[in-house]
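Per chain, numbering begins at 1; letters A, B, ... match sequence-line order. Remember, predicted model here, so these are calculated numbers, not experimental data.
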Amino acid sequence: MTRRDCGIICAAMSEIRVRFAPSPTGKVHIGNIRAAIYNWLYARHTGGKFLLRVEDTDLERSTPEAIQALLECMEWLGLDYDEPAFYQTKNVDRHMACVEKLIADGRAYKMEKTSRDGKTGEVVMFRMPKEGTLAFDDIVKGHMEKKAEDVPDFAIVRSDGSPIFHLANVVDDIDQRVTHVIRGDDHVENTFKHIELFKALGATPPKYGHLSMIVNAQGKPYSKRDGAAFVGEFRENGYLPEALFNYLLLLGWNPGDEREVLSRQEMIDLFDIEKVHVTAARFDIKKLQWMNGEYIRRAPREQYRQELLSRLGAAGIVPPPDFNLDLLVDQLQIRTKFWNDIPGNCIYFFTEDYPVDEKAVEKRLKKPGVKELLLDLASRFARLEPFTAAAGEAMVKDIAQGQGMGPWVHPIRVAVSGRMEGPGLFEMLELLGRERTVARLERAARSLP
RNA sequence: GGUCCCGUCGUCUAACGGUUAGGACACCAGGUUUUCAUCCUAGUAACAGGAGUUCGACUCUCCUCGGGACUGCCA
């Protein structure tokens with residue numbers, strides 16, 4: 001409580017500024033985007049600023065397309081930033097000016113060095129303290145300390161004259177007036193170097209918080225083999241941005257009570273960077289899938305309706321004007337786990353060219369008596385007035401005479417939809433309409449010996 | 001190898017040093033239902049191991065084991 005009060009006071013005195021600083025390599029990884037989410041929430045929670053810095057100094061991999069993909073991911077997740085995106089390549093002059101100053105101050109020196117791949121050239125090295133301890137208080141990991149002798153000098157300018165990450169990163173943080181650096185665990189060791197760099201440049205180091213990694217189902221760091229670890233893939237697979245956002249947030253943080261599905265506003269209100277976990281979290285696709293279904297079920301009908309129309313449209317289907325879309329939404333919304341499920345789960349309402357599950361046919365239709373049953377039902381449905389779900393259900397109930405309706409319902413379902421699961425049967429028939437229902441019952445009957 | 005970090009159900013996690021160690025996902029058994037899904041009810045399942053401190057340890061200390069990060073002219 002005291003801490004939080006202090007945070008508010010400090011924010012009033014000097015605004016909190018955090019940043020997401022990805023290098024655009026084409027695909028945005030979930031671990032990176034979770035860091036972005038935590039930064040964004042921290043900024044929104046404290047009333048500070050969330051900044052975007054594109055670390056595009058790796059000219060090989062940084063393409064306009066990659067940057068575009070990055071921006072789209074952020075927009076999809078609702079990670080809006082408060083100042084124009086800062087491009088690292090635009091700040092190279094500043095980087096080099098800082099190097100000159102460091103050299104002039106004796107904090108950096110030129111040196112002949114042989115790189116890992118055997119190339120020799122002159123680089124600029126940053127001089128680290130040689131004795132004493134280096135320490136900082138990590139917002140999530142607590143007090144971190146190292147002997148100075150364990151952190152050697154390091155290169156800040158390549159032999160081709162280009163600035164290296166450590167230097168560029170720190171100079172940019174100074175220029176963007178970043179107050180809190182919340183980033184991946186893999187930077188913990190770098191922090192000892194970065195803090196010295198800040199000091200050598202006459203700047204106050206920011207506060208640091210290091211996030212543990214997200215590991216795969218085997219508990220190992222994600223590799224390219226794991227797949228589906230990129231934000232874009234979740235989008236393509238029909239996940240809701242809100243669900244992915246919520247799930248990622250819960251990987252390493254919780255609101256302190258038993259709530260899990262949170263609104264964006266609740267997240268902002270409750271998020272507390274100090275309560276973020278130190279331990280690595282395993283990515284559980286099953287729980288994400290559940291959460292996605294949860295978000296779809298909770299979505300406003302209108303949103304579902306729009307998504308339904310657009311997904312059908314993408315499949316080349318436009319429901320006819322007299323189609324009862326409301327009823328379809330009623331039936332489908334609770335049965336949808338991914339947006340991508342939509343066309344497949346209702347395509348048979350709109351075309352005669354729909355897939356038929358042969359196992360279903362085997363189980364429900366290829367039985368003695370079913371042919372006659374379907375013909376009988378076809379003629380009954382042809383006469384049913386009105387042709388509604390309620391009337392259809394009443395009719396079959398009447399035929400079943402108080403017994404279970406299974407023997408009638410199951411064959412009808414497979415005969416008219418080609419599958420064993422789906423909306424309530426009578427709603428399904430109403431949506432199909434009399435003509436299609438009768439025609440499909442007769443067609444199914446004809447296909448039987 | 002060296003430096004640093006971490007360790008509660010299968011997974012994500014909760015638990016002022018005192019709880020029958022709680023919740024969620026998954027799993028499983030029922031119920032509702034014309035199928036599937038939803039929904040409701042119940043269940044299986046964890047403090048890595050060992051010392052110590054303490055009246056009392058998941059919680060504090062140490063050791064062991066296990067996992068991870070870093071150890072670039074990559075970011």
Does anything in [range] come within less than 4.0 Å of RNA chain B? Heavy atoms only, and list the residues if so.
range	result
residues 85-99 of chain A	none
residues 239-246 of chain A	none
residues 166-176 of chain A	H166(A)

Which of C70(B), U34(B), A37(B) is nearest the side chain of R335(A)? It is A37(B)

Could you give the side-chain donor-acceptor pairs of residues 137-144 of chain A under 3.5 Å, partners two or more places apart or in another chain?
unit_1  : atom_1 : unit_2  : atom_2 : d
D137(A) : OD1    : H143(A) : ND1    : 2.8
D138(A) : OD1    : V140(A) : N      : 2.9
D138(A) : OD1    : K141(A) : N      : 2.9
D138(A) : OD1    : H210(A) : N      : 3.1
D138(A) : OD2    : H210(A) : N      : 3.3
D138(A) : OD2    : H210(A) : ND1    : 2.6
K141(A) : NZ     : D185(A) : OD1    : 2.9
H143(A) : NE2    : E145(A) : OE1    : 2.8

Between E307(A) and R305(A) (salt bridge meaning N to carboxylate O under 4.0 Å), is one present in this structure? no

Check every strand shown and say whether M213(A) touches a base, only sugar-phosphate, or nothing at a heavy-atom separation below 4.0 Å. sugar-phosphate

Taking any heavy-atom pair under 4.0 Å as a contact, classify G406(A): base, sugar-phosphate, or nothing. nothing

Please, which pairs that meet salt bridge (charged side-chain N to carboxylate O under 4.0 Å, His left out) have at least one residue in residues 86-95 of chain A, sequence neighbours excluded? R94(A)-D175(A)

Interface polar pairs with nucleotides 3-5 of chain B, N/O, under 3.5 angstrom:
unit_1 : atom_1 : unit_2  : atom_2 : d
U3(B)  : O2'    : K146(A) : NZ     : 2.7
C5(B)  : O2'    : K141(A) : NZ     : 3.4

Of all residues at least two apart in sequence or in a different chain, which pass the salt bridge (charged side-chain N to carboxylate O under 4.0 Å, His left out) check with [X]?
X	value
E427(A)	none
K207(A)	none
D398(A)	none

Atom P, compared across A15(B) and C28(B): separation rounded to whole Å: 31 Å

Could you work out the separation of G7(B) and A29(B) based on their P atoms and round it to a whole Å? 35 Å

Mind checking ring-ring contact (aromatic ring centres under 6.0 Å, His included) for Y304(A) and listing every partner two or more places apart, or none if nothing turns up? W339(A)

Check whether more than 12 heavy atoms from other residues, nucleotides or ligands sit under 6.0 Å from atom CD of E131(A), and answer yes or no. no

Under a 4.0 Å heavy-atom criterion, the protein footprint on nucleotides 18-29 of chain B, written with B, S and -, is ----SBBB----

Test side-chain contact (heavy atoms from CB on, under 4.5 Å) applied to A203(A) - qualifying residues, sequence neighbours left out: I174(A), F198(A)

